[in-house]
Amino acid sequence: MTASLDRSPLEEQIAQWRLYLRSRRAIHGPDVEELEGHLRDQIAVLSEAGLAGDEAFLIAVKRMGNLDALSREFAREHSERLWKQLVIAPDAADEQGKPTLAETLVVLSLAVAAAVTIKLPALFGFQLGGGDEPFYARNAGLFVLPHLAAYLAWKRGLAVVTCVWLVLPFAAAAVFANVFPFGTGSDTGALTALHLPIILWLVVGVAYLGGRWFAGGGRMDFVRFSGELFIYYVLIALGGGVLTALTMMMFKAIDINAGWLAEGWLIPCGAMGAVIVGAWLVEAKQSVIENMAPVLTRLFTPLFTVVLLAFLATMVWTGSPIDVKREVLIAFDLLLVLVVGLVLYAASARDRQAPPDFFDGLQLLLVVSALVVDALALAAIAARISEFGFTPNRVAALGENLILLVNLTWSAWLYARFLRDRGSFAVLEQWQIAYLPVYSIWATFVVVLFPLVFHYR
Amino acid sequence: MELGKDLVAASATPLVLAILAEGDSYGYAIIKRVTELSGGHLQWTDGMLYPVLHRLERHGLVAAKWGASESGRKRKYYRITKEGRAQLGFQRQQWQVVDSTLRGLWMKACTT
């Protein structure tokens with residue numbers, strides 16, 4: 001360094017430059033540090049060559065390049081950071097931020113169409129609340145998800161050919177939901193109702209990604225979209241509940257029973273329309289509000305870890321084995337789903353470049369404790385599997401347990417590598433994304449093969 | 001002579017990988033090496049290197065680690081991974097095809 005005289009103005013200039021860089025939303029803290037290190041290296045070399053501090057600073061800044069272009073490049077590489085702001089280009093942000101009149105019309109008509117769709121079977125004698133609930137349960141996804149896919153296809157401007165390809169899975173789903181002669185109380189029928197939406201959600205994802213599932217890095221955006229949509233949906237449902245209760249109460253005051261209106265129209269139509277409106281809100285408001293799913297993840301990861309550890313400790317302390325009942329396997333499936341969800345949403349919100357921190361350690365602890373708990377449950381079940389025999393529910397639950405177990409085991413391994421600085425976080429994120437279709441493939445097995453194998457039991 | 005923008009962009013990946021294959025390095029040193037090797041013909045806008053490095057990191061071709069510079073400041077060092085070396089070999093074949101094709105054409109242009 002030269003004289004101490006020109007040192008402090010230079011530091012001031014660098015501080016200003018850093019502040020300016022920080023205001024770019026696509027460039028995050030560690031990146032700013034990295035770029036600042038580069039700037040300082042450059043300044044040091046130029047000063048050694050005989051330039052004064054401010055001259056060196058000017059040249060170094062110039063060499064760094066236009067900051068608009070630079071933050072655009074960063075935005076391209078780190079598209080996940082712009083989920084909140086969507087400012088790849090200022091003019092594009094204006095277009096995307098405000099819903100146009102055309103979009104409002106499309107959304108409203110699709111919401112109405114979804115509401116009408118769920119009332120259509122009533123014309124053919126299928127009554128909601130008249131013993132045809134299994135039919136409605138099996139077709140629940142088909143009432144609304146095609147409309148949702150249509151909205152996304154419209155929004156992304158998909159080609160007609162792609163749209164035709166998107167229609168095919170829905171048509172196939174409609175066939176498999178209704179062609180098998182499921183009896184009343186049929187387990188395989190109930191499994192179809194549970195698994196069909198998982199398949200169709202992947203189709204919605206393809207529509208969301210503009211018809212390409214594997215190209216580009218948008219799959220994590222779809223995961224975020226799903227989480228936000230779920231949260232919006234719950235909020236809308238809460239509001240809808242208040243609306244329904246108020247309607248009933250008000251009509252009761254004038255001695256009219258509005259139960260048929262609520263049960264037959266308000267709730268089913270509202271439940272369908274809310275999906276489309278929720279999706280629209282997520283698409284339109286993503287630039288306005290904070291993401292909720294990652295916040296909830298951060299909130300609940302420590303809590304679930306504590307619960308799991310407490311469970312394990314109690315088991316060891318009291319020595320009481322897992323009582324293998326009918327629901328045990330399903331309970332542990334749900335536990336694994338939840339842990340996978342927490343890992344997935346934690347990954348969706350994490351800055352890939354950031355070094356491992358306390359929360360990552362907590363995640364690993366959560367995953368490992370979930371694995372241990374699940375291994376104990378599986379061992380207990382395996383010990384008595386011969387007594388059970390194979391029913392569709394048990395095979396489905398066992399299959400799902402296995403799929404989630406594989407995901408979590410590998411996630412734990414990748415987390416451990418990441419924490420010991422042997423691998424990057426991006427690998428973990430890629431693993432989670434790559435695993436998404438596996439759920440849908442398994443669901444396809446359940447929907448297509450189980451009814452045949454188990455004779456519609 | 002300044003290279004066109006597209007060519008600079010296309011050559012960024014093999015250049016960065018090849019330099020990291022020589023040994024671990026960091027942003028500023030990579031740029032210095034490129035300028036040095038190309039005799040100053042290949043001028044990168046300094047900042048643009050970093051999105052490229054982050055992309056390679058996301059694809060698992062390089063790994064990054066925060067360390068300290070000689071003056072004790074924090075500095076991010078990059079290291080080529082096994083996948084990165086494989087990709088480098090692949091890129092090398094591709095560039096050799098382009099190179100030999102162009103060479104063939106230009107040799108013919110010279111002789112006729």
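Fair warning: this is a prediction, and the values are worked out from it, not measured in the lab. Just so it is clear: chains get the letters A, B, ... in the order the sequence lines come, proteins before strands, and each one is counted from 1.
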#### Entry: Separation between CG of A:D31 and OH of B:Y50, rounded to the nearest 0.5 Å
10.5 Å
### Message
Tell me whether A:D41 is salt-bridged to B:R73, with the criterion being a basic N under 4.0 Å from an acidic carboxylate O.
### Response
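Here A:D41 pairs with B:R73 in a salt bridge, since their nearest N and O are under 4.0 Å apart.
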Heavy-atom count around [X] [atom1] within 6.0 Å, excluding the residue itself: above 12?
X      : atom1 : answer
B:R103 : CZ    : no
B:F90  : CZ    : no
A:W431 : CH2   : yes
B:D99  : CG    : yes

### Residue among A:E33, A:E36, A:Q42 with most heavy-atom pairs under 4.5 Å to chain B
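It is A:Q42.
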### Task
Evaluate the criterion side chain to side chain contact (heavy atoms under 4.5 Å, CB included) for residue pair B:H54 and A:E34; output intermediate values, then yes/no.
CA-CA 11 Å; B:H54 294 175; A:E34 193 178 18; 3.0 Å; yes
### Query
Is it the backbone or the side chain of B:I31 that comes under 4.5 Å from a heavy atom of chain A, or both, or neither?
side chain
### Side-chain touch A:L39/B:Y28, heavy atoms, less than 4.5 angstrom
no
### Query
Do A:M64 and B:T45 touch side chain to side chain, with heavy atoms closer than 4.5 Å?
no
### Check: A:Q430 side chain, B:R58 main-chain N or O, donor-acceptor pair, under 3.5 Å
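A pair under 3.5 Å: yes.
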### Task
Indicate, with yes or no, if the rings of A:H38 and B:Y26 have centres closer together than 6.0 Å.
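No; B:Y26 has its ring centre 6.0 Å or more from that of A:H38.
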